[in-house]
Amino acid sequence: MLAKKKLAASKITLTHPRTRRESNIDESIYNPFKAAILQSLKTGKGKTFTELTDDVVKIIRKKMPDFKKSIPWYTISILRDLETRGVVENFIEKGKKFNRLTAKGR
């Protein structure tokens, strides 16, 4: 009897901007989180991580209601990868750290 082969999910390599540590993530998770992050950061001059995560949680719960993993963990991991790719940057204003889109991310 032949065993059915599982179709391998497409993977995307995430890279941390400072440590250059790499990890792989399913494209089916990466793309909705990336879209949610970009959608959130398009409004306003910048968002704290808490504000960004609150937005992403709302968006992901609507798009992926069966998603049971840690939304904040995926948000920070993909946000750091977007920093590495030059799409997002962080800055400090009045002692608070904010995230915003770069010109490349707009």
Side-chain angles (χ1 to χ4, degrees):
M1 185 192 267
L2 295 173
K4 289 185 180 179
K5 284 187 178 181
K6 282 187 176 180
L7 293 176
S10 295
K11 300 279 186 179
I12 292 181
T13 301
L14 302 178
T15 306
H16 192 282
R18 287 175 284 290
T19 64
R20 295 293 178 205
R21 184 171 177 263
E22 293 183 345
S23 57
N24 292 321
I25 185 172
D26 285 350
E27 188 175 15
S28 63
I29 293 174
Y30 181 88
N31 289 332
F33 272 85
K34 177 183 174 186
I37 291 167
L38 297 178
Q39 179 181 335
S40 175
L41 292 178
K42 282 184 180 174
T43 59
K45 294 180 181 179
K47 293 197 176 190
T48 65
F49 179 71
T50 302
E51 293 167 335
L52 175 62
T53 302
D54 290 346
D55 286 351
V56 172
V57 165
K58 290 175 192 169
I59 295 166
I60 293 299
R61 286 203 174 128
K62 284 181 185 174
K63 287 184 179 180
M64 302 168 73
D66 295 334
F67 190 81
K68 300 297 181 210
K69 297 177 183 176
S70 172
I71 294 174
W73 185 88
Y74 281 94
T75 301
I76 192 70
S77 297
I78 293 169
L79 180 67
R80 295 294 170 248
D81 181 64
L82 293 173
E83 280 182 49
T84 302
R85 296 172 192 259
V87 175
V88 172
E89 64 185 357
N90 53 48
F91 65 100
I92 297 174
E93 188 175 280
K94 297 181 183 176
K96 283 184 144 183
K97 188 174 179 182
F98 293 91
N99 300 283
R100 67 180 168 206
L101 296 176
T102 63
K104 184 178 180 180
R106 291 186 200 126

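Computed from a prediction, not measured in an experiment: that's the story for all the values here.
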Can you sort out the partners of R21 under side-chain contact (heavy atoms from CB on, under 4.5 Å), two or more places apart, ordered by chain and number?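 R21 satisfies side-chain contact (heavy atoms from CB on, under 4.5 Å) with T19 once adjacent residues are dropped.
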
Can you name the residues that form a side-chain contact (heavy atoms from CB on, under 4.5 Å) with S28, not counting sequence neighbours?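 So S28 forms a side-chain contact (heavy atoms from CB on, under 4.5 Å) with D26.
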
Return the [atom1] to [atom2] distance between [X] and [Y], rounded to the nearest 0.5 Å.
| X | Y | atom1 | atom2 | answer |
| --- | --- | --- | --- | --- |
| T75 | F49 | OG1 | CZ | 5.5 Å |
| L82 | L14 | CG | CG | 9.0 Å |
| L79 | I37 | CG | CD1 | 5.5 Å |
| T48 | K96 | OG1 | NZ | 6.0 Å |
| I12 | N24 | CD1 | CG | 10.0 Å |

If you compare all heavy atoms of [X] against all heavy atoms of [Y], which two are closest, and at what distance to 0.1 Å?
| X | Y | answer |
| --- | --- | --- |
| N99 | V88 | CB-CG1, 4.4 Å |
| I60 | A36 | CD1-CB, 4.3 Å |
| D81 | T13 | OD1-O, 3.7 Å |

Could you go step by step and tell me if F67 and I29 meet the side-chain contact (heavy atoms from CB on, under 4.5 Å) rule? CA-CA 9 Å; F67 190 81; I29 293 174; 4.1 Å; yes

Which residue pairs pass the side-chain hydrogen bond (donor to acceptor under 3.5 Å, both in side chains) test when at least one of the two sits in residues 58-74, sequence neighbours left out? none

Show every side-chain hydrogen bond (donor to acceptor under 3.5 Å, both in side chains) that has at least one partner inside residues 34-45, sequence neighbours left out. S40-K47, S40-D55, T43-K47

Taking side chain to side chain donor-acceptor pair (under 3.5 Å) as the definition, give me every residue that meets it alongside [X], ordered by chain and number, with sequence neighbours left out.
| X | value |
| --- | --- |
| D54 | none |
| T53 | none |
| N31 | none |
| E89 | R100 |

With side chains defined as the heavy atoms from C-beta onward, is the minimum distance between [X] and [Y] less than 4.5 Å?
| X | Y | result |
| --- | --- | --- |
| I25 | F33 | no |
| L38 | V87 | yes |
| R20 | T84 | yes |

Mind checking what makes salt bridge (Lys or Arg N to Asp or Glu O under 4.0 Å) contact with R18, not counting sequence neighbours? E83

Answer yes if I59 and M64 sit in the same cluster of Ile, Leu, Val, Met, Phe, Trp and Tyr residues linked by side chain heavy atoms under 4.5 Å apart, and no otherwise.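 Per the 4.5 Å side-chain linkage, I59 and M64 are not co-clustered.
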
Take R85 and T102, measure what side-chain contact (heavy atoms from CB on, under 4.5 Å) needs, and give me the verdict at the end. CA-CA 10 Å; R85 296 172 192 259; T102 63; over 6 Å; no

Quick note, ring pair (Phe, Tyr, Trp, His ring centres under 6.0 Å) partners involving residues 77-96, not counting sequence neighbours, are F91-F98

